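Here the structure comes first, spelled out in structure tokens, and everything after it is commentary.
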Amino acid sequence: MLSEQELVRRENLQKVIELGINPYPSEEFVVSHSSKLIKNNYTEESSDEFSEVIVAGRLMMKRIMGKASFAELQDSSGRIQLYISRDDICTGDDKTMYNTVFKKLLDIGDFIGIKGFVFTTKTGELTIHAKELVLLSKSLKPLPIVKTDAEGKVHDAVTDPEFRYRQRYADLVVNPSVKEAFVKRTKMYNSIRDFLNTKGYLEVETPILQPLYGGAAARPFKTHHNTLDMTLYMRIANELYLKRLIVGGFDGVYEFSKDFRNEGMSRFHNPEFTQIELYVAYKDYEWMMNLVEEMIEKVALDVTGSTIVKVGDNDINFQRPWKRYTMYEAIEEFTGVDISQMDEDNLRNAAKKMEVPLDPTMARGKIIDEIFGEKCEPFLIQPTFITDYPVEMSPLAKKHRTEEGLVERFEAICNGKEISNAFSELNDPIDQRERFEAQLDLGKRGDDEAMVLDEDFLRALEYGMPPTAGVGIGMDRLAMIMTNSNSIQDVLFFPQMKPETTSIKPEKE
RNA sequence: GUUCUGUUAGUACAAUGGUUAGUGCACCUGACUUUUUCUCAGGAAAUAAGAGUUCAAUUCUCUUACAGGAUACCA
């Protein structure tokens with residue numbers, strides 16, 4: 001069902017065609033200047049350099065005043081005003097281009113090309129005086145119009161999240177700040193790539209479709225390969241494949257990996273999300289902590305220009321060194337309870353006193369994780385490393401060199417959320433097999449996120465893996481911090497949405 | 001999942017148990033050769049779906065659908 005305005009646009013398209021104008025021409029249109037370049041460089045003295053400019057973009061506003069008009073053109077760099085007078089774009093007797101095409105048939109959102117010269121109007125606005133106007137592409141669907149008045153007040157701002165996420169293309173056209181967030185996201189990737197490449201690590205790619213999923217505690221997406229007639233899972237982490245590459249002899253490998261987890265959705269969770277994982281041979285988690293600090297500090301600088309990043313009401317300072325706590329220390333700090341010596345029953349009671357909700361499937365490690373998640377993590381705003389996790393919740397991490405029952409693991413917490421998780425990687429194949437078996441027991445207890453046993457990975461470890469430090473960083477979470485975004489949907493171009501339902505509207509007569 | 005809130009024209013908002021549901025922008029018709037949310041004159045266009053209470057419901061109640069916020073698990 002087309003709206004009245006859409007019908008008008010289709011009629012306009014038809015009339016353009018009837019005038020012999022191709023509404024979707026294929027020839028290259030050579031642009032000489034961006035609007036930003038003109039705005040940044042035009043002066044009275046340099047006006048000669050701007051006596052012939054060619055620009056292209058969307059027509060975003062028309063102010064028609066009879067035989068002359070003003071219009072606004074939006075290109076990828078911003079907006080610039082156009083002055084279009086009838087007798088300048090129609091030098092002969094035929095005034096169709098102005099009277100009919102420009103005034104009547106061009107709609108807001110149409111792509112046009114303009115050839116003309118730059119000048120300043122009486123009111124002082126930088127403007128392109130058009131000598132030639134070309135239609136480059138017709139728009140059939142009206143864009144939401146956002147207007148900013150003289151006081152800088154925005155009218156009819158497009159804020160409806162559903163519209164913005166479903167129709168990101170339109171969101172990007174009308175909300176310039178959206179572009180900025182995504183440009184920052186790309187800068188963040190470039191910053192990390194640059195950092196790791198400079199250190200000599202190799203960017204690699206590993207399978208997304210996997211016969212067994214592993215490397216994290218999560219429920220996977222399941223799919224099926226027809227030719228092989230086998231079940232495949234979409235990866236939940238790329239840890240086990242990257243470690244296989246360390247076995248194979250690379251010193252340092254990293255991958256920006258799209259991971260998929262079949263779990264709840266929220267402003268922190270999208271079913272597909274991106275992590276970077278990095279593994280470096282002959283290193284340990286202490287070394288990795290230093291690297292993460294150094295890297296994230298650089299990211300903050302590269303992306304925002306400062307080590308201090310404003311996130312909501314907080315100023316987060318990524319300058320090294322970050323605070324470091326062991327997990328037991330953090331829990332003691334925030335709850336006053338020393339749980340380091342407690343067995344599962346005592347721990348369960350302690351958690352009960354702290355009003356941390358538990359369920360019977362949780363074992364000792366999971367309970368500690370719950371307490372930490374409830375009582376500590378949300379309050380850690382400045383970047384903080386939490387180290388030395390219980391062995392039960394870290395089946396891929398090496399046992400602590402001195403502390404019984406712990407592993408050499410750290411998480412970096414920032415703004416109350418984990419942004420990074422790392423360990424001295426477990427490379428003892430016999431220990432690894434036992435840990436997998438312990439996970440199988442957890443699975444039997446009802447933990448549907450318990451890991452599965454991966455024989456091929458164990459075979460790789462049996463060939464021998466050097467001591468290795470590994471880290472994973474949630475790119476979306478980091479992007480949220482670096483762009484001061486309140487939800488993951490704001491740093492994903494196309495966040496996952498419920499299917500669009502066709503609204504039931506009575507047919508118009 | 002739980003909970004709260006919302007759904008009025010293309011869009012953003014307003015109002016009302018009863019006669020013609022109002023405003024800005026966008027849209028349509030006309031005038032205007034340096035304007036700028038151009039201006040001026042005119043026009044078209046809406047109460048999510050269903051049920052109930054009522055003489056009368058867009059307004060009150062309930063159900064459904066959809067959406068958003070908050071909260072919980074996972075990055």
Side-chain angles (χ1 to χ4, degrees), chain A residues 2-9 11-12 61-72 79 81-88 98 103-104 107-109 119-125 127 129 141-166 174 215-220 236-237 257 259-277 357 359 366 369-370 373-374 411 417-421 448-449 472-480 486-489 497-506 508:
Chain A
L2 293 176
S3 70
E4 186 192 338
Q5 294 187 34
E6 287 172 298
L7 288 171
V8 167
R9 286 181 177 227
E11 282 167 26
N12 290 347
M61 183 177 278
K62 285 200 287 188
R63 293 187 286 274
I64 295 171
M65 274 155 292
K67 296 184 192 64
S69 303
F70 288 91
E72 272 174 39
R79 286 197 186 188
Q81 178 167 269
L82 308 175
Y83 175 74
I84 295 167
S85 81
R86 187 192 67 183
D87 296 331
D88 281 318
Y98 182 79
K103 274 170 73 175
K104 309 247 186 213
D107 293 298
I108 303 302
F119 76 111
T120 310
T121 63
K122 283 177 185 166
T123 52
E125 176 142 353
T127 303
H129 188 131
K141 205 162 175 65
L143 283 166
I145 300 292
V146 181
K147 283 202 172 186
T148 310
D149 65 21
E151 290 102 58
K153 216 176 133 194
V154 177
H155 293 262
D156 293 345
V158 178
T159 54
D160 176 16
E162 197 191 359
F163 175 87
R164 294 190 43 226
Y165 301 152
R166 281 197 198 282
V174 300
R219 271 145 59 205
I236 58 172
S257 71
D259 292 339
F260 305 83
R261 299 192 183 172
N262 207 341
E263 293 168 344
M265 286 166 60
S266 75
R267 71 191 181 91
F268 290 107
H269 301 90
N270 194 63
E272 59 180 285
F273 65 102
T274 307
Q275 287 194 93
I276 179 170
E277 289 193 32
D359 74 63
K366 187 84 177 164
D369 190 39
E370 286 295 314
E374 280 292 311
E411 289 193 1
K417 282 276 167 192
E418 174 194 338
I419 54 169
S420 166
N421 180 16
D448 55 6
E449 291 175 356
I473 298 172
M475 295 297 286
D476 310 286
R477 294 274 172 87
L478 193 60
M480 285 169 67
N486 193 35
S487 75
I488 197 168
Q489 286 83 8
M497 302 285 281
K498 276 192 195 173
E500 230 173 323
T501 47
T502 40
S503 51
I504 309 137
K505 276 187 181 168
K508 284 187 183 172

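All figures in this text were calculated on a predicted structure; none of them were measured in a lab. Just so it is clear: chains get the letters A, B, ... in the order the sequence lines come, proteins before strands, and each one is counted from 1.
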Between [X] and [N], does any side-chain N or O lie under 4.0 Å from OP1 or OP2?
X: A:R63; N: B:U35; value: no
X: A:K67; N: B:U33; value: yes
X: A:R9; N: B:C27; value: no
X: A:K104; N: B:C27; value: no

Got a donor-acceptor pair under 3.5 Å from the side chain of [X] to the base of [N]?
X: A:Q5; N: B:A26; result: yes
X: A:E125; N: B:U35; result: no
X: A:Y83; N: B:U35; result: no

Please give the distance between the [atom1] atoms of [N] and [M] as a whole number of Å.
N: B:G24; M: B:U8; atom1: C1'; result: 16 Å
N: B:U16; M: B:A72; atom1: P; result: 38 Å
N: B:G10; M: B:A45; atom1: P; result: 11 Å
N: B:U47; M: B:U58; atom1: C1'; result: 4 Å
N: B:G50; M: B:A15; atom1: P; result: 25 Å
N: B:U53; M: B:C62; atom1: P; result: 15 Å
N: B:U63; M: B:A26; atom1: P; result: 42 Å
N: B:G6; M: B:A21; atom1: P; result: 25 Å

Between which residue ranges does RNA chain B form stems of three or more consecutive Watson-Crick or G-U wobble pairs, both distances under 3.5 Å?
B:1-7 with B:65-71, B:10-13 with B:22-25, B:27-31 with B:39-43, B:48-52 with B:60-64
So what does [X] hit on the nucleic acid, given a heavy-atom distance under 4.0 Å: a base, only sugar-phosphate, or nothing?
X: A:I64; value: base
X: A:R219; value: nothing
X: A:D476; value: nothing
X: A:G66; value: base
X: A:S266; value: base
X: A:Q81; value: base
X: A:Q489; value: nothing

Which of the following nucleotides, [options], is nearest to the side chain of [X]?
X: A:D87; options: B:G10, B:A75, B:U33; result: B:U33
X: A:R267; options: B:U71, B:U34, B:G10; result: B:U71
X: A:F273; options: B:A75, B:C73, B:C27; result: B:A75
X: A:R261; options: B:A72, B:A75, B:U35; result: B:A75

Return the orientation label for the A:F119 and A:Y83 ring planes: parallel under 30°, perpendicular over 60°, tilted otherwise.
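Perpendicular, since the angle between the ring planes exceeds 60°.
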Along RNA chain B (nearest heavy atom to each residue), the more 5'-positioned of A:S487 and A:A68:
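The 5'-side residue here is A:A68.
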Nearest-nucleotide 5' precedence on RNA chain B, A:F119 against A:A218
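Checking each residue's closest nucleotide, the 5'-ward one belongs to A:F119.
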Are the side chain of A:R261 and the backbone of A:I236 linked by a donor-acceptor contact shorter than 3.5 Å?
yes
Under 3.5 Å donor-acceptor, A:K62 side chain and A:K103 backbone:
yes
Do A:D88 and A:I84 have side-chain heavy atoms sitting under 4.5 Å apart?
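Contact flag for A:D88/A:I84 side chains = no.
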With centres under 5.5 Å and planes under 30°, do A:F268 and B:A75 count as stacked?
no
Checking A:Q81 now: which residues fulfil side chain to side chain donor-acceptor pair (under 3.5 Å) with it, not counting sequence neighbours?
A:R63, A:T127
Quick one: side chain to side chain donor-acceptor pair (under 3.5 Å) partners of A:E272, sequence neighbours excluded?
A:K258
Flag for A:S3-A:Q5: side-chain donor and acceptor within less than 3.5 Å
no
